[in-house]
Trainee: 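This structure is in structure tokens; I'll ask about it shortly.
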Number of protein chains: 2
Amino acid sequence: MTVQQMAQLDATFSALSDGTRRAIVARLADGEATLSDLATPFDMSLTAVSKHLRVLSDAGLVDIEKRGRTRHCRLRGAPIKEAVDWLSKYESFWIDRFDALARHLAKEDSE
Amino acid sequence: MTVQQMAQLDATFSALSDGTRRAIVARLADGEATLSDLATPFDMSLTAVSKHLRVLSDAGLVDIEKRGRTRHCRLRGAPIKEAVDWLSKYESFWIDRFDALARHLAKEDSE
DNA sequence: ACTTTACTCAACCAATTAGTTGACTATAAT
DNA sequence: ATTATAGTCAACTAATTGGTTGAGTAAAGT
């Protein structure tokens, strides 16, 4: 694993360690959105959301395109894939718990 | 998604955002190890490694058992699975086209 | 009994993070 | 031409992070 790959994983996991940013990722999975669109649901300043978006952009998770006075954001999958690939190496530690957890989550969902 | 599940994801991704901690996870995937074992490869104090281990332990990724004067550490899979589950929701963004098509066809076949 | 080993704990430091506000720029609408 | 919208930028704050050192404790080896 190269230094750059390490730095990419650092950035990806770090970007995803914040709930606001994960919510932004979830929102962008439904399609492109502007910064203002993304900021609306959050009880924080536009500047704060802009900073979160910058973290996601720096980590390569989000692509920001300037279009007139709006910034249009798209989700980029490559870094997520790298994170999943890393986690998959330790699959044997969690795969056998699949059924138990699935039942647990299904139960919580129904509550 | 509950507040606790959010906090767990925060903790898991945050714990994994540091290369030293990922290396510890990788080492523990090969089997149980003591704190001193884990600290050996790193160019930092035992205290520093102890702190990293505490972060992993707080996030539930590692189980620490006191045995005499040594601490024995084991990898726990559940939080990793939760992280993978979260990331999997955005699978369509990172899976390569070939795999995505294969999956799509497999799904159609089974229907 | 003494020493070494395997740690923990507290205090400190520098850098980073997540948020704020106020001032600014650029674009679009009226 | 004026005004409203979308966003940036700089400065500030409080909390957290990743590291250090030095002192202390508890268990094991000699």
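Below, chains carry the letters A, B, ... as their sequence lines are ordered, and counting in each starts from 1.
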Trainee: Just jot down the ring pair (Phe, Tyr, Trp, His ring centres under 6.0 Å) partners of B/Phe93, sequence neighbours excluded, or say none.
Mentor: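 For B/Phe93 there are no ring pair (Phe, Tyr, Trp, His ring centres under 6.0 Å) partners, ignoring immediate neighbours.
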Trainee: Rounded to whole Å, please give me the gap between CG in B/Asp18 and C1' in D/dT16.
Mentor: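 Distance check: B/Asp18 CG to D/dT16 C1' gives 14 Å.
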Trainee: Look at A/Thr70 and D/dA6 and indicate whether a side-chain polar atom (N or O) is within less than 4.0 Å of OP1 or OP2.
Mentor: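 For A/Thr70, the contact criterion (side-chain N or O under 4.0 Å from OP1 or OP2 of D/dA6) is not met.
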Trainee: Specify the separation, in whole Å, of atom CZ of B/Arg54 and atom P of D/dT16.
Mentor: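 Rounding to the nearest Å, CZ of B/Arg54 and P of D/dT16 are 14 Å apart.
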Trainee: Roughly how many Å is it from CZ in B/Phe42 to P in D/dT20, rounded to a whole number?
Mentor: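 Atom-to-atom, B/Phe42 to D/dT20, this comes out as 13 Å.
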Trainee: Any side-chain N or O of A/Arg67 under 4.0 Å from OP1/OP2 of D/dA6?
Mentor: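 It does not, given that no N or O in the side chain of A/Arg67 lies less than 4.0 Å from OP1 or OP2 of D/dA6.
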Trainee: Between A/Ser50 and D/dT8, is there a contact of a side-chain N or O with OP1 or OP2 at under 4.0 Å?
Mentor: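 So the side-chain polar atoms of A/Ser50 do come within 4.0 Å of the phosphate oxygens OP1 or OP2 of D/dT8, strictly under.
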Trainee: Could you state the CG-P distance from B/Leu38 to C/dC7, rounded to the nearest angstrom?
Mentor: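 Atom-to-atom, B/Leu38 to C/dC7, this comes out as 9 Å.
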Trainee: Less than 3.5 Å between a donor and an acceptor, one on the side chain of B/Thr47 and one on the base of C/dC9, is that the case here?
Mentor: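 Counting by modelled atom types and ignoring angles, a donor-acceptor contact under 3.5 Å is found here.
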Trainee: When the distance from NE2 of A/His52 to C1' of D/dG7 is rounded to whole Å, what number comes out?
Mentor: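 Result: 16 Å.
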Trainee: Kindly say whether, by distance alone, the side chain of B/Arg69 makes a donor-acceptor pair under 3.5 Å with the base of D/dA27?
Mentor: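 Result: at least one qualifying N/O pair found.
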Trainee: Between B/Lys89 and B/Asp85, does a salt bridge (charged side-chain N to carboxylate O under 4.0 Å, His left out) hold up when you go through it step by step?
Mentor: CA-CA 7 Å; B/Lys89 291 193 285 185; B/Asp85 283 348; over 6 Å; no
Trainee: What is the distance from atom CG of A/Leu53 to atom CG of A/Leu28, rounded to the nearest 0.5 Å?
Mentor: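 Here the interatomic distance stands at 7.0 Å.
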Trainee: What about A/Lys66: does its side chain form a donor-acceptor pair under 3.5 Å with the base of D/dG7?
Mentor: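 Looking at the base of D/dG7, it does not pair with any donor or acceptor on the side chain of A/Lys66 (distance under 3.5 Å).
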Trainee: Whole Å only: how far is the CG atom of B/Leu46 from the P atom of D/dT21?
Mentor: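 My rounded result for the distance is 13 Å.
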